[in-house]
Protein chains: 2
Amino acid sequence: MALPNGPVVTSSEAEAVLFDLVDVYDRAYEAAAAGLSLSSAQACVLGRLDERRGMGALAEELGCDASNVTQIVARLEALGLVTRETDPRDRRARLVARTPRGDEVNHRFATAFTFARTAVGRLAPDEQDQLTALLRKALG
Amino acid sequence: MALPNGPVVTSSEAEAVLFDLVDVYDRAYEAAAAGLSLSSAQACVLGRLDERRGMGALAEELGCDASNVTQIVARLEALGLVTRETDPRDRRARLVARTPRGDEVNHRFATAFTFARTAVGRLAPDEQDQLTALLRKALG
DNA sequence: GGATTTACTTGAGTGAATCAAGCATCATTG
DNA sequence: CAATGATGCTTGATTCACTCAAGTAAATCC
């Protein structure tokens, strides 16, 4: 998604701010990735490889088709950011892991994606707790 | 975007909840659109046509290339949800407007996309105000 | 040891998005 | 008022994300 998941009609102010937040967040994420010549999806996958894991686990976690993961990982592999090796325990499975360059790029991404950090940082500690509690409640 | 714009490392709890919110929001939006056989982008554009407007204005508002809007609007037009007429005042420009069917689909979308409404609804009125204030502050 | 399930890949197809070019119309101004 | 240039949109070429349907290969299960 690049287009904002925008308001049809926002009845309450809170809804409008929520939408705003989501929009800005998504754009910031994409921009941070683009700064490293990555797509959002690539940055996302890279970020979930702190430990090596299988394609299936990734697909599950990302909530998308395994073939989609295959394709994204293939591109990351072509960029030299990731390796994909056959699991010796189960030779059907492939274990995906970041390369050192992948680690570095991932770290630079984490540094570049300042939005959430910055936003939260604008709040005092007790406000951060309030926000957390309110969002948890809102999420049900 | 369908993959979550996920946490590389979330240092604070507030950041983690923020990410969660964005993820769930985006998925809910996409699901609501999919329920009407629309893409997120299509639903988004449709939702911004309460008044007829030009392609350029849409592109500006959505923060994307005009040619992208051309393409999305063309699909909406093919679905009979939108018309695209030459502006009599400036015959280069096209005015995009929802058809009656477009209105109806848009309305059904607004009904189907319950996430923001529901989430906010889980909060008491004063909590909603707190949330609004906190998010505004966080957004800077 | 043959059927089934599991883990992933491949292929075909759609849509979003971008960039570069093109075309038509409007606006300027020389 | 005609040439020039800017504006508004479309077209074409590409890339990527995503899904679904099929395929392959390795495990698992009688």
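Since this is a predicted model, take the numbers as computed values, not measurements. Proteins get letters first, then strands, A, B, ... in listed order; numbering begins at 1 in each. Basis for what follows: all heavy atoms, side chains included, without hydrogens, waters or symmetry-related copies.
Using the six-membered ring where Trp is involved, A:Tyr29 and A:Tyr25 have ring planes that are parallel, under 30° apart on the 30 and 60° scheme. In this structure, A:Phe113 and A:Phe109 have parallel ring planes: the angle between them is below the 30° cut-off, well short of the 60° mark.
At whole-Å resolution of the value, CE in A:Met55 and P in D:dC18 are 13 Å apart. Separating the CZ atom of A:Arg53 from the P atom of C:dA7 is a distance of 15 Å, rounded to the nearest angstrom. A straight line from CG of B:Leu62 to C1' of C:dT18 spans 15 Å, rounded to a whole angstrom. As rounded to whole Å, 16 Å separates atom P of D:dA17 from atom CG of B:Asp26. Here the C1' atom of nucleotide C:dG15 and the CD atom of B:Glu30 are 11 Å apart, to the nearest Å. Counting to the nearest Å, the P atom of D:dC18 and the CZ atom of B:Arg27 are 9 Å from each other. Rounded to whole Å, atom P of C:dA16 lies 13 Å from atom CG of B:Leu46. Separating the CG atom of B:Leu79 from the P atom of C:dT14 is a distance of 14 Å, rounded to the nearest angstrom.
Rounded to the nearest 0.5 Å, atoms CG (B:Leu21) and CG (B:Asp26) are 9.0 Å apart. Annotation: the span from B:Leu36 atom CG to B:Glu104 atom CD amounts to 9.5 Å, rounded to 0.5 Å. The distance from the OG atom of A:Ser40 to the CZ atom of A:Arg27 is 11.5 Å, given to the nearest 0.5 Å.
The residue from B:Asp50, B:Val105, B:Leu76 that alone fulfils the side chain to side chain contact (heavy atoms under 4.5 Å, CB included) condition with B:Arg98 is B:Asp50.
Both B:Arg94 and A:Ile72 sit near DNA chain D, but only B:Arg94 has its closest nucleotide nearer the 5' end.
Within 4.0 Å of A:Gln71, counting heavy atoms only, lies at least one base atom of the nucleic acid.
If you check D:dC18, D:dC9, C:dT9 against the side chain of B:Thr70, the one that comes closest is D:dC9. Of all nucleotides listed (C:dG15, C:dC8, D:dC18), C:dG15 comes nearest to the side chain of B:Ser39.
Within the 3.5 Å criterion, the main-chain N or O of B:Arg48 finds a donor-acceptor partner in the side chain of B:Arg53.
Side chains of B:Leu131 and A:Leu135 form a contact here, defined as non-hydrogen atoms less than 4.5 Å apart. Inter-residue side-chain proximity for A:Val45 and A:Val69 is flagged as unmet; no heavy-atom pair is nearer than 4.5 Å.
For DNA chain D, the residues of residues 83-93 of chain A within the heavy-atom distance limit of 4.0 Å (strictly under) are A:Asp90, A:Arg91, A:Arg92, sorted by number.
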Between the protein and nucleotides 19-22 of chain C, which nitrogen or oxygen pairs are less than 3.5 angstrom apart?
residue: C:dC19; atom: N4; partner: B:Ser67; partner atom: OG; Å: 2.7

